[in-house]
Amino acid sequence: MSSPAAALDADACYRALKAHDARFDGRFFTAVTSTGIYCRPVCRVRTPRRENCRFFDLAAQAEAAGFRPCLRCRPELAPHALAWSIQDASAILAEQAARLLDDPATSAADGFGMPALAARLGISDRHLRRIFEARFGVSPLQYLQTRRLLTAKQLLTDTDLPVTQVGLLSGFASVRRFNAAFAQHYHLNPSALRRQPQRAPDAPAPLAGHGDEATPSGAVRVRLGYRPPYDVAALVAFFAARAVPGMEWADPAALCLRRTLAMPGPDGAARTGWVEAQFDPARHQITLRVGDGLRDALPQVIHRARAWLDVDADPLAIEAALGAAFPAGEGLRVPGCLDGFELAVRAILGQQITVAAARTLAARLVARFGDAVATPWPDLARSFPRAAVLAQADGDALGQLGIVRQRQGAITALARAVAGGELSLHIGAPVASTMAALRALPGVGDWTAQYIAMRALRWPDAFPAGDVALQQALGVRGQPKPAHAAEQAAEAWRPWRSYAVVRAWAGAHLAASGTSAPSTSD
């Protein structure tokens with residue numbers, strides 16, 4: 001199989017490989033014909049000869065061509081390659097399918113298969129295979145198989161989870177299938193991989209209070225890679241300004257985030273636990289620690305954490321579109337979330353009030369309706385209320401927290417839609433129909449829908465044109481139709497308008513304070 005990555009410039013890739021340039025991490029993979037191994041551009045092994053190198057856009061392409069992942073640079077740690085289109089309908093469908101395949105919760109669901117995936121996208125199974133192979137050079141099944149194998153490889157290397165549990169968590173229907181696929185692709189059985197010397201010169205050094213000696217019993221540690229530049233301080237400051245007492249904690253000086261998290265279990269009951277993210281800018285990595293209560297949901301937690309911290313952003317592509325208008329924002333990321341429902345509720349709470357006031361209301365909501373969570377830190381003790389709980393909350397109970405009547409109705413309607421399965425707020429959800437469903441809810445207008453799409457759906461082209469701070473930053477606040485003027489100004493920034501919003505806020509020093517509300521009633 002020849003490399004399907006026709007858009008790649010092989011000579012440019014080789015130069016990036018020789019320089020170990022972290023900006024290209026995950027944007028391509030180098031397969032070495034003399035060893036049968038494929039690596040990340042940041043791999044510190046001796047640079048192979050040019051004639052022995054083949055370059056691929058995706059790890060799945062390299063594996064489909066018969067190459068095995070490097071045990072040193074570990075391709076499973078690379079940021080994912082996210083290509084976006086706003087014009088090619090087939091490419092949009094293929095990319096949406098890839099995001100659904102990336103989500104462990106989707107690909108591990110009962111009855112999951114290519115026909116079910118195609119039906120979810122509203123196309124035929126045959127058409128799905130055709131557009132997916134045209135876009136990525138591999139079939140959906142090959143893409144999914146690589147994703148599952150790399151997830152298993154990461155769990156085997158970074159955690160002490162039993163091999164049987166690793167196979168099932170990675171999406172394999174049985175341990176037998178897991179062992180067979182692993183041996184076929186990697187020429188090792190899973191247990192043998194753990195016995196291999198894992199040379200990892202890029203492993204983070206233990207930090208005071210955050211190293212191995214501080215990891216509580218039952219907690220697990222994994223690593224996530226990202227492409228520089230990444231303004232870690234700005235992202236942590238964003239979360240610190242919005243940290244809800246009792247549920248979230250952020251230390252801008254230590255570049256560390258902690259929070260509680262509740263996730264649905266296979267039996268419908270909530271699984272509760274905690275997550276900590278410790279940034280290591282020198283190595284372009286994040287050490288993620290996950291509490292014992294979420295161990296059996298580890299792949300889903302990792303998937304959500306990638307979106308929460310926007311580790312898969314492509315700064316080079318974004319800078320090419322936005323650099324002229326926002327020259328000082330190259331390292332800024334779009335802050336995500338770990339729970340789309342939580343983000344949506346907090347967006348409603350934040351309508352037309354300050355960030356500090358919205359944080360206060362969220363803290364009251366957590367204290368009144370959140371579940372108790374056991375964590376190593378006394379100041380983190382409750383999770384955000386589940387949709388099923390808020391769906392049953394009456395107006396009096398919400399009103400006692402200081403939530404005005406209009407917001408009460410919006411929160412209750414949102415909770416009922418999510419709890420009833422009518423609305424899904426996750427990465428890979430169809431943007432247009434999800435935003436239409438959001439706007440149909442009482443008290444939810446375009447600003448709120450765009451904000452949710454930007455942070456929960458991870459749509460890079462969301463643009464809350466009615467945002468007062470954004471209008472001020474773009475200099476259109478005084479015009480007769482400021483929202484329309486903002487839309488016109490942003491046309492040149494597609495498909496990265498979400499990143500333009502973050503850069504505009506930061507440029508006006510409005511990201512951490514002031515109003516985050518629409519200019520008119522939402």
Side-chain angles (χ1 to χ4, degrees), residues 154-155 157-162 165-166 169 203-224 232-233 235-265 269-281 283 285-309 311 335-339 342 346 359 362-386 389:
Q154 179 173 24
L155 298 185
T157 305
D158 283 351
T159 78
D160 60 355
L161 294 173
Q165 188 178 12
V166 167
L169 287 178
L207 301 174
H210 297 287
D212 288 324
E213 74 285 354
T215 301
S217 175
V220 293
R221 285 178 45 158
V222 295
R223 285 180 285 155
L224 308 175
V232 176
L235 188 84
V236 176
F238 182 96
F239 285 119
R242 292 158 177 80
V244 175
M247 189 186 83
E248 296 173 308
W249 174 91
D251 186 341
L255 302 180
C256 184
L257 301 169
R258 296 176 187 149
R259 59 157 297 151
T260 61
L261 179 63
M263 298 180 63
R271 293 173 294 192
T272 59
W274 55 268
V275 177
E276 179 190 74
Q278 174 68 62
F279 287 85
D280 185 356
R283 295 178 175 87
Q285 286 189 355
I286 301 165
T287 298
L288 191 70
R289 295 199 305 167
V290 180
D292 183 58
L294 298 172
R295 280 171 68 97
D296 63 348
L298 192 55
Q300 292 97 314
V301 174
I302 293 172
H303 179 68
R304 292 190 185 193
R306 301 186 74 90
W308 176 39
L309 306 174
V311 300
C337 67
L338 285 175
D339 185 313
E342 173 197 318
R346 294 174 69 169
R359 185 179 62 238
R364 294 172 184 170
L365 200 67
V366 168
R368 173 65 177 82
F369 294 102
D371 294 324
V373 181
T375 77
W377 308 283
D379 55 342
L380 293 181
R382 302 193 74 80
S383 65
F384 195 82
R386 290 173 285 121
V389 173

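When all heavy atoms of Pro378 and Ala381 are compared, the pair lying nearest together is O-CB, 4.0 Å. Closest heavy-atom contact between Leu255 and Pro281: CD1-CG, 3.7 Å. Of all heavy-atom pairs spanning Thr159 and Arg221, the tightest one is CG2-O, 4.1 Å. Of all heavy-atom pairs spanning Gln278 and Ala254, the tightest one is NE2-O, 2.8 Å.
From Ile302, atom CD1 reaches atom CG of Leu169 across 9.5 Å, with rounding to the nearest 0.5 Å. The structure places CD of Glu276 at 11.0 Å from OG1 of Thr375, a figure rounded to the nearest 0.5 Å. For the atom pair Arg223 CZ and Gln154 CD, the distance stands at 8.5 Å (nearest 0.5 Å). For the atom pair Arg304 CZ and Leu288 CG, the distance stands at 13.0 Å (nearest 0.5 Å). Rounded to the nearest 0.5 angstrom, Leu298 CG and Leu161 CG are separated by 6.0 Å. Interatomic distance, Phe239 CZ to Cys256 SG, rounded to the nearest 0.5 Å: 13.0 Å.
Using a 4.5 Å heavy-atom threshold, the side chains of Val366 and Pro385 count as touching. The closest side-chain heavy-atom distance from Arg382 to Met247 is not below 4.5 Å. Proximity of Gln165 to Asp296: side-chain heavy atoms (C-beta onward) are separated by under 4.5 Å at one or more points. Side-chain contact between Leu257 and Val236 is present, with heavy atoms from C-beta onward closer than 4.5 Å. Annotation: side chain of Trp274 is not in contact with side chain of Arg258 (no heavy-atom distance under 4.5 Å). Taking 4.5 Å as the limit, every side-chain heavy atom of Val244 sits out of range of all side-chain heavy atoms of Phe384. Using a 4.5 Å heavy-atom cutoff, the side chains of Pro335 and Leu235 are in contact. Under the 4.5 Å side-chain criterion, counting only non-hydrogen atoms from C-beta, Thr260 is not in contact with Thr272.
Electrostatic pairing of Arg295 and Asp160 counts as a salt bridge here, judged by a charged N lying under 4.0 Å from a carboxylate O. A salt bridge between Arg346 and Glu248 is present, with a side-chain N of the basic residue lying under 4.0 Å from a carboxylate O of the acidic one.
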Legend entry - CA sep, side-chain torsions, deciding dist, call: Val275, Trp308, side chain to side chain contact (heavy atoms under 4.5 Å, CB included): CA-CA 11 Å; Val275 177; Trp308 176 39; 4.0 Å; yes
